[in-house]
Peer 1: 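Supplied in structure tokens, the structure appears directly below.
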Amino acid sequence: MKIYVKNMACESCKIFVKEALEELDIAAIKIDLGEIEVKEELTTTEKKKLNSKIKKAGLELLEKKEGILIEKIRSVIIDYVYNSDEKPVIKFSVLLSEKLNHSYTYLANFFSEIEASTIEQYVISLKVERIKELIILEEHTLSAIAFKLHYSSVSHLSNQFKKATGLTPTHFKNLKEKRRITIQNI
């Protein structure tokens, strides 16, 4: 049986869900972003208990078909932003269509209707958050971050980052450095 989970966007979420399933003695076959596969059909009571436990982490079980498709779209986008280091050989719209077996037009219209945001805006917001994480971790140069997140250039990354945050990536990095110095001086 497959169960779909809303807002499951990172490895920590997977760990949290795994622990909740273990506490409830529910045997999981596979836990992926936005999706859990369990051995046996869950009772309504088990679903309620599981939902209650995972809500503590901002997660929620999905029952409706619409919610499930939205989470599948999000899951593909999250995987694309966080886990694909190499530049894809196909356009993102084609990738999304192939993974979800729907036309991109249908998926884009559906996503916009439900989320009041476009797929492109969602991708950009995730990329900006990922850029912030990578800048804070200080493991990559801006060039490496641009390559990792499939930007055509550092300039493109910087423009999109500034449009979303009001800061350049360099200014964001400098703010982080100033905070660290201030905290160390206390």
Side-chain angles (χ1 to χ4, degrees), residues 4-22 28 30-36 53-60 70-96 98-100 107-108 111 115-186:
Y4 296 95
V5 183
K6 182 177 180 180
N7 300 326
M8 196 169 165
C10 62
E11 292 300 313
S12 298
C13 295
K14 287 168 62 172
I15 292 167
F16 188 84
V17 168
K18 181 182 180 203
E19 289 172 356
L21 290 167
E22 287 171 356
K30 189 167 91 175
I31 301 171
D32 285 324
L33 294 177
E35 192 174 293
I36 307 166
K53 280 199 174 293
I54 65 174
K55 275 190 175 184
K56 294 173 185 167
L59 307 174
E60 184 179 348
I70 289 294
E71 284 308 305
K72 285 183 177 180
I73 293 169
R74 281 190 187 136
S75 181
V76 171
I77 294 169
I78 290 165
D79 189 50
Y80 174 77
V81 171
Y82 281 81
N83 300 323
S84 67
D85 290 343
E86 296 173 13
K87 204 156 190 116
V89 291
I90 58 174
K91 290 174 117 183
F92 176 71
S93 57
V94 174
L95 174 84
L96 190 63
E98 287 179 359
K99 287 204 175 217
L100 299 178
L107 294 170
F111 190 87
E115 294 296 308
S117 169
T118 66
I119 287 175
E120 291 81 10
Q121 289 168 330
Y122 186 70
V123 170
I124 290 168
S125 66
L126 274 179
K127 281 184 168 186
V128 167
E129 290 307 310
R130 185 69 176 137
I131 293 165
K132 288 177 186 177
E133 290 173 8
L134 293 171
I135 288 172
I136 289 169
L137 291 174
E138 296 180 337
E139 294 175 358
H140 303 285
T141 64
L142 282 179
S143 295
I145 293 171
F147 179 79
K148 184 177 186 70
L149 295 177
H150 319 300
Y151 283 98
S152 57
S153 65
V154 174
S155 175
H156 182 211
L157 176 148
S158 295
N159 289 337
Q160 206 168 67
F161 188 88
K162 185 168 185 172
K163 189 174 181 181
T165 65
L167 303 169
T168 64
T170 305
H171 188 77
F172 177 80
K173 184 177 182 176
N174 291 339
L175 286 175
K176 181 188 79 79
E177 291 298 323
K178 285 181 184 177
R179 267 191 233 119
R180 189 180 323 169
I181 291 167
T182 305
I183 291 171
Q184 289 173 349
N185 291 338
I186 296 177

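One is the number of the first residue; the rest follow in order along the sequence.
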Peer 1: Taking C-beta and beyond as the side chain, do T168 and S158 meet within less than 4.5 Å on heavy atoms?
Peer 2: no
Peer 1: What distance do K127 atom NZ and E120 atom CD have between them, rounded to the nearest 0.5 Å?
Peer 2: 11.0 Å
Peer 1: Restricting to non-hydrogen atoms, name the atom on A164 and the atom on V128 that form the minimum distance, rounded to 0.1 Å.
Peer 2: CB-CG2, 3.7 Å
Peer 1: Y122 versus I73: any side-chain heavy-atom pair under 4.5 Å?
Peer 2: no
Peer 1: For residues 153-163, which residue pairs qualify under salt bridge (charged side-chain N to carboxylate O under 4.0 Å, His left out), counting only residues two or more places apart or in two chains?
Peer 2: none
Peer 1: So, do H150 and Y80 have ring centers that fall under 6.0 Å from each other?
Peer 2: yes
Peer 1: Please give me the minimum heavy-atom distance between N7 and E71, naming the atom from each residue.
Peer 2: N-OE1, 3.1 Å
Peer 1: Taking the side chain as C-beta and beyond, is there a heavy-atom pair between T165 and K132 under 4.5 Å?
Peer 2: yes
Peer 1: Roughly how far, to the nearest 0.5 Å, is CG of L107 from CD1 of I70?
Peer 2: 9.0 Å
Peer 1: Could you pull out the closest heavy-atom pair between Y151 and H156, with the gap in Å?
Peer 2: CD2-ND1, 3.3 Å
Peer 1: Got a second to check how far S93's OG is from E98's CD, nearest 0.5 Å?
Peer 2: 9.5 Å
Peer 1: Closest heavy-atom contact between L157 and P169?
Peer 2: CD2-CG, 3.8 Å
Peer 1: Using the salt bridge (charged side-chain N to carboxylate O under 4.0 Å, His left out) rule, collect all pairs that involve residues 142-151, keeping only residues at least two apart or in two chains.
Peer 2: D85-K148
Peer 1: Quickly, which of L142, T141, I145 forms a side chain to side chain contact (heavy atoms under 4.5 Å, CB included) with L134? Name it, please.
Peer 2: I145
Peer 1: How long is the gap from CD1 on I54 to CD on E19, to the nearest 0.5 Å?
Peer 2: 13.0 Å
Peer 1: Quick check: does any side chain N or O of E60 sit under 3.5 Å from a backbone N or O of K55, one acting as donor and the other as acceptor?
Peer 2: no
Peer 1: Any chance you could measure L126, atom CG, to I131, atom CD1, to the nearest 0.5 Å?
Peer 2: 11.0 Å
Peer 1: Contact between R74 and K6 at the side-chain level, heavy atoms closer than 4.5 Å - yes or no?
Peer 2: yes
Peer 1: Is the closest side-chain heavy-atom distance between F111 and L96 below 4.5 Å?
Peer 2: no
Peer 1: Please answer whether the main-chain N or O of S155 pairs with a side-chain N or O of N159 as donor and acceptor at a distance below 3.5 Å.
Peer 2: yes
Peer 1: I'd like to check the side-chain hydrogen bond (donor to acceptor under 3.5 Å, both in side chains) partners of Y4; sequence neighbours left out, ordered by chain and number.
Peer 2: none
Peer 1: Please assess D79 against K99 for the test side chain to side chain contact (heavy atoms under 4.5 Å, CB included), listing each intermediate value before the final yes or no.
Peer 2: CA-CA 12 Å; D79 189 50; K99 287 204 175 217; 4.2 Å; yes
Peer 1: Between E35 (side chain only) and D32 (backbone N and O only), is there a donor and an acceptor less than 3.5 Å apart?
Peer 2: no
Peer 1: As an exercise, state the distance from CD1 of I124 to OG1 of T118, rounded to the nearest 0.5 Å.
Peer 2: 7.0 Å
